[in-house]
Amino acid sequence: MADASSFYVTTPIFYVNDVPHIGHAYTEVAADVLARWHRQAGERTWSLTGTDEHGQKILRTATANGVTPKEWADKLVAEAWKPLLETVDIANDDFIRTTDARHEENVQKFLQHLFDEGHIYTGEYEGYYCVGCEEYKTESQLVPGTGEYEGQLVCEIHSKPVELLHEKNYFFRMSAFADRLLALYDEQPDFVQPESARNEVVSFVRQGLDDLSISRSTFDWGVKVPWDESHVVYVWFDALLNYITAAGYGQDDEAFASRWPAQHIVGKDILRFHAVIWPAMLMAAGLEVPRGVFGHGWLLVGGEKMSKSKLTGIAPSQITDVFGSDAFRYYFLRAISFGQDGSFSWEDLAARYQAELANGFGNLASRVVAMITRYFDGAVPTAVESATTDADREIVAIEQRATESAWAAIDRIAIHDSIAASWELVDALNGYITSEEPWALAKDPANRERLETVLATAYHGLGTLAVLLSPVLPKAAEKLWTALGAEGTVQGQRIDRANEWTPGTRVAPLEALFPRVETAE
């Protein structure tokens, strides 16, 4: 088991049946911000993302495009999924593909272990299967189709018809773990977050669990069942194991012990897989359950969940090409309470970019650096005790409060609250500059010590902001840190002691952190 100074965070691994949209990037950025925070707090941090490349959906997509499933996966990973990480500035430590040998071999080891322990048996199953979800659906999860699908039952998520399948498969005795799962949720109330997600999961398990079909025999694109190669492992059973196969399970016991368990960040539509099936699998194998599962909300466009199939998918580059990756990261984590659904609009994005990033933070930074350059020839001023007032002391207090509150929010995975805590300092510094009027103080040499104190206070507040905001705005924070003349890199500063950073001696020119952008009316 990893010690308390270790933090392992994962995104889901994403299907390669299509290119990523901003919903995928939202999950990536959230996990990346958590990883960056914990890393800057001095914890051994490991962040994982990757792609899910097996299953019927991938097989059908590849066939429709006239290539093999592996060729299709290779193309999508190289041309879309790995470039996404650069587009939104993700600093992941590993990228797992379910077609990697390290994954496939250890999926078979895990499955063989469960089989040997008596957790798997042979049975028959008939039910409605959604290829889009790669999941059997109960009738309560289906809705009547409309338009071309009128008269058919369709998946409530994909709005496409389900298929009635009857197969002889291998089953995992998941029903045997219902009581242990309920005990887990009771003993660790924050195992599933947010509270609404926990309530959903507890209610689901209390209704009783069915055993899980974990193999398919009607197609062969997947990991072979080790004792029966006429079957492939059910794609979700295969995919969930990426979190341990990437961490070293089955091949590097030391690495696995130092990393596991992980904090999972997932969309709420796949919550049950991660909060019910996955811990049951681990319990059966005698392994520790995850650190926790956080099911965030959906990004909505026109009131509907972001979806390529419904033509509501927006490519992340459509946003970053105009506003930059920092703005993308900031907007989705600031505008949406993490854990809730959020509606995306270009108008709101443009308004927040201008008001909060360009005018709020960016202009503050530019003004302070410019005044130090103008009034002190670039030399960083030092506060004079005799010229210090309650206004200066209040800024110092807000720096400390923002540092403490931002970290406390991250600890409970409330990323939006963490940014809000930091932004209290942005607003306070803007108000401070307006009320203290350093440009007016500079006109009278008698006010020199007061001018030094005001700009020294504002300068130090800016440095604290650079550290606090570096996980969310890595590019802007690094530019500001360089302009402040501080030593090292901003990512190298302890974020849990952000307000204790050491000032530099001279400032350097600072280009606009968030330049004016032209958007179509």
Side-chain angles (χ1 to χ4, degrees), residues 1-2 6-16 24 27-28 30-32 34-35 38 44-55 81 85 90 92-111 113-114 134 172 174 177 181 184 188 191-193 197 201 212 214 222-223 233-296 413:
M1 174 183 176
S6 175
F7 183 73
Y8 172 22
V9 64
T10 74
T11 71
I13 52 173
F14 300 104
Y15 280 128
V16 292
H24 302 113
T27 310
E28 291 279 10
D32 183 63
L34 291 174
H38 284 269
R44 285 185 298 106
T45 301
W46 203 60
S47 60
L48 174 71
T49 189
T51 45
D52 186 357
E53 303 175 15
H54 292 138
W81 289 97
L85 306 180
I90 304 301
N92 57 301
D93 295 291
D94 197 0
F95 189 97
I96 185 78
R97 298 179 59 180
T98 55
T99 53
D100 288 346
R102 60 171 172 161
H103 175 74
E104 293 188 340
E105 291 169 5
N106 292 301
V107 166
Q108 290 185 315
K109 287 182 183 179
F110 184 95
L111 197 63
H113 176 64
L114 262 57
E134 293 282 15
F172 167 51
M174 191 167 68
F177 294 91
L181 287 168
L184 168 65
Q188 298 182 38
F191 177 76
V192 182
Q193 295 185 72
V201 167
L212 180 69
I214 61 164
V223 178
V233 180
Y234 169 45
V235 65
W236 266 106
F237 204 90
D238 162 8
L240 287 164
L241 287 164
N242 90 90
Y243 304 124
I244 61 172
T245 61
Y249 171 82
Q251 59 186 350
D252 189 337
D253 293 342
E254 184 178 346
F256 183 59
S258 71
R259 292 168 181 160
W260 188 256
Q263 173 64 56
H264 300 311
I265 305 298
V266 302
K268 66 179 183 179
D269 51 332
I270 55 174
L271 177 66
R272 292 180 187 176
F273 292 100
H274 289 80
V276 180
I277 297 174
W278 179 222
M281 291 166 58
L282 293 164
M283 289 173 179
L287 298 174
E288 188 174 359
V289 298
R291 172 175 176 150
V293 179
F294 193 104
H296 68 70
I413 318 184

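Quantities reported herein were computed from a predicted structural model and do not represent experimental measurements.
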Practice prompt. May I have the step-by-step check of side chain to side chain contact (heavy atoms under 4.5 Å, CB included) for I214 and L111, ending in yes or no?
Written response: CA-CA 10 Å; I214 61 164; L111 197 63; 3.6 Å; yes

Do [X] and [Y] have side chains that approach each other closer than 4.5 Å (heavy atoms only, starting at C-beta)?
{"X": "F172", "Y": "I277", "result": "no"}
{"X": "N92", "Y": "T11", "result": "no"}
{"X": "F110", "Y": "L287", "result": "yes"}
{"X": "I413", "Y": "Q263", "result": "yes"}
{"X": "T27", "Y": "F14", "result": "yes"}
{"X": "R291", "Y": "Y8", "result": "no"}
{"X": "D52", "Y": "W236", "result": "no"}
{"X": "L240", "Y": "H274", "result": "yes"}

[atom2] on [Y] to [atom1] on [X], rounded to 0.5 Å:
{"X": "L282", "Y": "F177", "atom1": "CG", "atom2": "CZ", "answer": "10.0 Å"}
{"X": "D100", "Y": "R97", "atom1": "CG", "atom2": "CZ", "answer": "6.5 Å"}
{"X": "E254", "Y": "R259", "atom1": "CD", "atom2": "CZ", "answer": "10.0 Å"}
{"X": "I96", "Y": "E53", "atom1": "CD1", "atom2": "CD", "answer": "9.5 Å"}
{"X": "L34", "Y": "F294", "atom1": "CG", "atom2": "CZ", "answer": "9.0 Å"}
{"X": "N242", "Y": "F95", "atom1": "CG", "atom2": "CZ", "answer": "10.5 Å"}

Closest heavy-atom pair and its distance - [X], [Y]:
{"X": "P12", "Y": "I265", "answer": "CD-O, 3.0 Å"}
{"X": "V9", "Y": "A35", "answer": "CG1-CB, 3.8 Å"}
{"X": "P261", "Y": "V289", "answer": "CB-O, 3.3 Å"}
{"X": "W260", "Y": "E288", "answer": "NE1-O, 2.7 Å"}
{"X": "L181", "Y": "A280", "answer": "CD2-N, 4.1 Å"}
{"X": "H54", "Y": "Y15", "answer": "O-CE2, 4.5 Å"}

Item to complete: Start with the C-alpha gap between D93 and S47, add the side-chain angles, then the distance that decides, and say whether side chain to side chain donor-acceptor pair (under 3.5 Å) holds.
Response: CA-CA 5 Å; D93 295 291; S47 60; 3.2 Å; yes

Fill in: Candidate pair V107 and H103, rule side chain to side chain contact (heavy atoms under 4.5 Å, CB included), full reasoning
CA-CA 6 Å; V107 166; H103 175 74; 3.3 Å; yes

Once you measure the plane-to-plane angle for [X] and [Y], does it fall in the parallel (<30°), tilted (30-60°) or perpendicular (>60°) bin?
{"X": "W81", "Y": "H24", "result": "perpendicular"}
{"X": "F256", "Y": "Y249", "result": "perpendicular"}
{"X": "H264", "Y": "W278", "result": "tilted"}

Worksheet item: Considering residues at least two apart in sequence or located in another chain, which fulfil the side-chain contact (heavy atoms from CB on, under 4.5 Å) criterion with D94?
Response: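 Scan of D94 (side-chain contact (heavy atoms from CB on, under 4.5 Å), adjacent residues dropped) gives W46, L48, R102, A246.
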
Discussion item. Checking M281 against L212 for the side chain to side chain contact (heavy atoms under 4.5 Å, CB included) test, could you report, in this order, the C-alpha distance in whole Å, the side-chain angles of both residues, the deciding distance, and whether it holds?
Written reply: CA-CA 10 Å; M281 291 166 58; L212 180 69; 5.7 Å; no

